[in-house]
Engineer: 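Below you will find the structure I want to go over with you.
Note on naming: letters A, B, ... go to the chains in the order of the sequence lines (proteins, then strands), and numbering restarts at 1 for each one.
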Amino acid sequence: GEDVEQSLFLSVREGDSSVINCTYTDSSSTYLYWYKQEPGAGLQLLTYIFSNMDMKQDQRLTVLLNKKDKHLSLRIADTQTGDSAIYFCAEIGTDKLIFGTGTRLQVFP
Amino acid sequence: KAGVTQTPRYLIKTRGQQVTLSCSPISGHRSVSWYQQTPGQGLQFLFEYFSETQRNKGNFPGRFSGRQFSNSRSEMNVSTLELGDSALYLCASSGGFGGNTEAFFGQGTRLTVV
């Protein structure tokens with residue numbers, strides 16, 4: 001079935017790295033995404049990775065993909081208070097995105 | 001380049017009423033998807049339209065319907081509103097998942113049913 005799982009909460013100190021994990025079920029997914037949602041806002045596309053890649057880096061963001069284990073992670077370097085938000089991973093289903101439950105990242109000084 | 005525009009941003013309706021939400025995608029994008037976000041159920045897929053055709057539909061009752069116009073703007077309609085329909089409704093715009101890789105979301109419409 002379609003199921004994307006994430007841990008619900010993550011708390012980190014400002015300046016540290018954050019790692020948000022996600023497991024997905026559909027091995028045929030061609031693209032996997034990370035979205036950020038701030039309070040009262042919609043979803044902001046942060047980055048995505050193609051299934052034939054192992055890693056993608058974009059400034060402070062690093063995405064790692066382990067296809068064998070169907071595991072996706074998002075690392076945020078030098079985490080800032082402005083990074084506090086809910087982070088969703090998503091995989092492509094048939095003409096739709098299947099979202100994880102979201103991980104609430106809290107950054108404290 | 002303008003982003004995805006959803007109107008209205010906020011809506012309060014009474015049980016039993018019906019509501020229409022609007023989504024204008026990014027210029028050139030032909031796919032519009034709708035999602036319902038609630039604290040209990042998370043992000044749930046409603047339906048997807050591409051070139052005025054519904055290609056996929058989620059597990060929602062028939063009270064939820066949608067359409068897409070020739071200019072790619074989309075509307076979704078919820079009839080006979082129930083309290084449980086209170087949610088943030090998000091629409092996503094993309095070139096179509098068969099090709100374009102990126103889906104961009106609007107700010108959402110927050111519907112409250114009282």
Side-chain angles (χ1 to χ4, degrees), chain A residues 1-9 20-26 28-53 56 58 61 63 65 72 74 85-105, chain B residues 3-7 9-10 21 23-26 29-51 53-60 66 68 87-110 112:
Chain A
E2 303 170 334
D3 199 11
V4 180
E5 295 185 354
Q6 299 178 241
S7 52
L8 291 180
F9 299 101
I20 302 171
N21 294 303
C22 168
T23 56
Y24 61 97
T25 55
D26 188 351
S28 65
S29 287
T30 52
Y31 294 94
L32 295 140
Y33 301 81
W34 284 103
Y35 283 89
K36 175 184 179 183
Q37 187 176 36
E38 297 183 65
L43 298 175
Q44 175 194 352
L45 177 63
L46 287 177
T47 186
Y48 64 90
I49 188 167
F50 188 48
S51 60
N52 70 352
M53 299 170 66
K56 180 179 180 181
D58 184 1
L61 304 179
V63 179
L65 175 61
L72 182 73
L74 174 69
I86 301 176
Y87 291 81
F88 293 91
C89 66
E91 61 175 345
I92 284 188
T94 306
D95 301 321
K96 65 181 179 182
L97 291 170
I98 302 162
F99 287 90
T101 50
T103 299
R104 183 179 294 276
L105 173 65
Chain B
V4 181
T5 303
Q6 289 188 247
T7 57
R9 286 294 310 278
Y10 303 94
L21 312 182
C23 173
S24 293
I26 292 170
H29 282 185
R30 295 163 68 187
S31 169
V32 174
S33 307
W34 289 89
Y35 295 82
Q36 181 197 63
Q37 185 178 28
T38 59
Q41 298 298 317
L43 281 154
Q44 300 288 316
F45 171 74
L46 281 156
F47 25 66
E48 190 260 358
Y49 288 87
F50 184 87
S51 294
T53 300
Q54 186 184 90
R55 296 195 299 186
N56 201 355
K57 190 177 191 303
N59 295 323
F60 279 82
Q68 186 179 34
L88 180 67
Y89 290 88
L90 293 162
C91 92
S93 159
S94 77
F97 290 114
N100 188 284
T101 59
E102 298 166 301
F104 298 94
F105 282 80
Q107 291 296 298
T109 294
R110 184 163 297 281
T112 303

Engineer: Between A/Phe50 and chain B, with a heavy-atom cut-off of 4.5 Å, which part of the residue counts as in contact: side chain, backbone, both or neither?
Structural biologist: neither
Engineer: From A/Phe88 CZ over to B/Phe105 CZ, what is the distance, rounded to the nearest 0.5 angstrom?
Structural biologist: 9.5 Å
Engineer: Give a yes or no on this: more than 12 heavy atoms of other residues, nucleotides or ligands lie within 6.0 Å of atom CG of A/Asn52.
Structural biologist: yes
Engineer: Start with the C-alpha distance between B/Glu102 and A/Tyr48, add both sets of side-chain angles, then the distance that settles side-chain contact (heavy atoms from CB on, under 4.5 Å), and finish with yes or no.
Structural biologist: CA-CA 8 Å; B/Glu102 298 166 301; A/Tyr48 64 90; 3.4 Å; yes
Engineer: Using atom types as modelled, flag every donor-acceptor pair under 3.5 Å from a side chain in residues 36-44 of chain B to any protein atom, sequence neighbours excluded.
Structural biologist:
unit_1, atom_1, unit_2, atom_2, d
B/Gln36, NE2, B/Tyr89, OH, 3.0
B/Gln37, OE1, A/Gln37, NE2, 2.8
B/Gln37, NE2, A/Gln37, OE1, 2.8
B/Thr38, OG1, B/Gln41, N, 3.1
B/Gln44, NE2, B/Gln41, O, 2.7

Engineer: With a 4.5 angstrom heavy-atom cut-off, could you sort out which part of B/Arg9 is near chain A: side chain, backbone, both or neither?
Structural biologist: side chain
Engineer: Enter the distance from B/Phe45:CZ to A/Ile98:CD1 here, rounded to the nearest 0.5 Å.
Structural biologist: 9.5 Å
Engineer: Check for a donor-acceptor pair, side chain of B/Tyr35 on one end and backbone N or O of A/Leu97 on the other, with a separation under 3.5 Å.
Structural biologist: yes
